[in-house]
Undergrad: 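Sharing a structure below in structure tokens format, with a few things to ask.
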Amino acid sequence: MEQGSSDYDPGHQGHVEQELATKMLQIQSKRFYLDVKQNRRGRFIKVAEIGADGRRSQIFLALSTAAEFRDHLSAFSEYYSSLGPPNPDNVPEDGKLKSEMMMKDNRRYYLDLKENARGRFLRVSQTITRGGPRSQVAIPAQGMIEFRDALTDLLDEFTQDEHAYKHDLPEGNQMHVDNKNFYFDIGQNNRGVYMRISEVKTNFRTAITLPEKSWPRFRDILADYCDKLNKPPGSQGPGGGQGAVRGRARSAPISRTSWLATILNKIPGQV
DNA sequence: GCGGCAG
């Protein structure tokens, strides 16, 4: 909503970046936007600061880093509230009252509680290489708790289901038929749970992806065909269909291709 | 009604 269309990639594959949640905080003269976003590489949090003059700066945090940051915020605000009033006679070195550092992959985050003529604030800066480009935001110290609470809300919402799934997903499966293997793999993405069925031969591989909600219909269609092939037309009871070969010969018009086409046409959409 | 140099 702030910078709108740069997140949108109309010519290509639609949304490159999705916004999953957002919170806005007004802290003194500044506004902060905490956004949970997602792109093809995963989820992350964007913290954007908008100054009173409209200047904006932003940093990005992996969810794990955001959780670490949240914990540091508690410690920083605790320390801050234990502080006496600023003493002009006793200025700390470089104005740094307390510092922490976080690392994630090749990113470094420096957290400094600092103080200047305007007051105390937490500076959060992000760099990749030492001395290289950096981006940073500065949170007025009085707002650290509010900031931490907003971050906690977002993390509670988006880290718990990260852990919740995976364990619930069923195991994959496989079977061997004649000279081919079939693999049943269960996966999950932002659009839900799916099953990928791969047919694998020595120099051939193909697969279809079935959204979870379509499984019952696939099952019913397959079950239907199993019944049809095992029951010669005219015999009603379950006892009549012992010979699959005879059954197939008699119930004529199910060719292999129409069988496949029937199933494929029922796939509502790709996951 | 701000406004924040540096590992």
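Note that the coordinates shown come from a computational prediction; the quantities given were computed from them, not determined experimentally. By convention in this document, chain letters (A, B, ...) are assigned in the order of the sequence lines, proteins followed by strands, and residues within each chain are numbered from 1.
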Undergrad: Is the base of B:dG1 touched by the side chain of A:S29 through a donor-acceptor pair closer than 3.5 angstrom?
TA: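 In this structure, the two groups form no donor-acceptor pair.
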Undergrad: Charged N to carboxylate O under 4.0 angstrom, A:K23 versus A:D153?
TA: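 Counted as a salt bridge, because a side-chain N and a carboxylate O are separated by less than 4.0 Å.
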Undergrad: Using only modelled atom types and a 3.5 angstrom limit, is any donor from either the side chain of A:Q28 or the base of B:dG1 paired with an acceptor on the other?
TA: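 No.
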Undergrad: Rounded to the nearest angstrom, tell me the gap between atom CG in A:N116 and atom P in B:dG4.
TA: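 From A:N116 CG to B:dG4 P: 8 Å.
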Undergrad: Are any of the side-chain heavy atoms of A:T127 and A:Y109 separated by less than 4.5 Å?
TA: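 No, their side chains stay 4.5 Å or more apart.
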Undergrad: Counting distance alone, no hydrogens or angles: does the base of B:dG7 have a donor or acceptor under 3.5 Å from a partner atom on the side chain of A:R123?
TA: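 Answer yes: a donor N or O sits under 3.5 Å from an acceptor.
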Undergrad: Can you see whether A:Y33 engages A:R31 through a side-chain donor-acceptor pair at a distance of less than 3.5 angstrom?
TA: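 On atom types as modelled, these side chains qualify, holding a pair under 3.5 Å.
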Undergrad: Mapping A:K30 and A:L111 onto DNA chain B by nearest heavy atom, which one lands closer to the 5' end?
TA: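 Its nearest nucleotide lies further toward 5', so the answer is A:K30.
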Undergrad: Nearest of B:dC2, B:dG7, B:dG4 to any side-chain atom of A:S125?
TA: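 The nucleotide sitting nearest to the side chain is B:dG7.
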Undergrad: Between C1' on B:dC5 and CG on A:L122, what's the gap in Å once rounded to a whole number?
TA: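 Going from CG in A:L122 over to C1' in B:dC5 covers 16 Å.
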Undergrad: When clusters are formed by joining ILVMFWY residues with side-chain heavy atoms under 4.5 Å apart, either directly or through shared neighbours, do A:I59 and A:Y110 land in the same one?
TA: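 As far as the 4.5 Å side-chain criterion goes, A:Y110 and A:I59 are not connected within one cluster.
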Undergrad: Base, sugar-phosphate, or nothing: which does A:G51 touch, judged by heavy atoms less than 4.0 Å apart?
TA: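 No contact.
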Undergrad: Return the nearest nucleotide to the side chain of A:K96; candidates are B:dG7, B:dA6, B:dC2.
TA: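 The nucleotide sitting nearest to the side chain is B:dG7.
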Undergrad: In whole angstrom, give the distance that lies between atom CZ of A:F32 and atom C1' of B:dG4.
TA: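 Rounding to the nearest Å, CZ of A:F32 and C1' of B:dG4 are 11 Å apart.
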Undergrad: Taking CZ from A:R120 and C1' from B:dC2, how many angstroms apart are they, rounded to a whole number?
TA: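 Roughly 17 Å, once rounded to whole Å.
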Undergrad: For A:Y110 and B:dG7, is the gap between ring centres under 5.5 Å while the planes differ by less than 30°?
TA: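 Yes; by the centre-distance and plane-angle rule, A:Y110 counts as stacking on B:dG7.
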Undergrad: Grab the CZ-P distance between A:R56 and B:dG3 for me, whole Å please.
TA: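 Spelled out: CZ on A:R56 to P on B:dG3 is 19 Å.
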Undergrad: Would one find more than 12 heavy atoms of other residues, nucleotides or ligands at under 6.0 Å from atom CZ of A:R219?
TA: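 Yes - once you tally the heavy atoms of other residues, nucleotides and ligands closer than 6.0 Å, there are more than 12.
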Undergrad: Rounded to the Å, how far apart are A:Q26 CD and B:dC2 P?
TA: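 Whole-Å distance recorded here is 11 Å.
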Undergrad: What integer distance in Å separates A:E115:CD from B:dG4:P?
TA: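 Nearest whole value for this atom pair: 16 Å.
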Undergrad: Provide, to the nearest angstrom, the distance between the CD1 atom belonging to A:I50 and the P atom belonging to B:dC2.
TA: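 So the CD1-P distance, A:I50 to B:dC2, works out to 15 Å.
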Undergrad: Using a heavy-atom cut-off of under 4.0 Å over every strand shown, decide if A:A138 touches base, sugar-phosphate, or nothing.
TA: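 A:A138: base contact, heavy atoms under 4.0 Å.
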Undergrad: Counting only side-chain nitrogens and oxygens, does A:R134 get under 4.0 Å of the OP1 or OP2 atom of B:dC5?
TA: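 Answer is no, no contact under 4.0 Å.
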Undergrad: If you look at every strand shown and take non-hydrogen atoms under 4.0 Å, does A:D112 touch a base, only sugar-phosphate, or nothing?
TA: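 Answer is base: heavy atoms of A:D112 come under 4.0 Å of a base.
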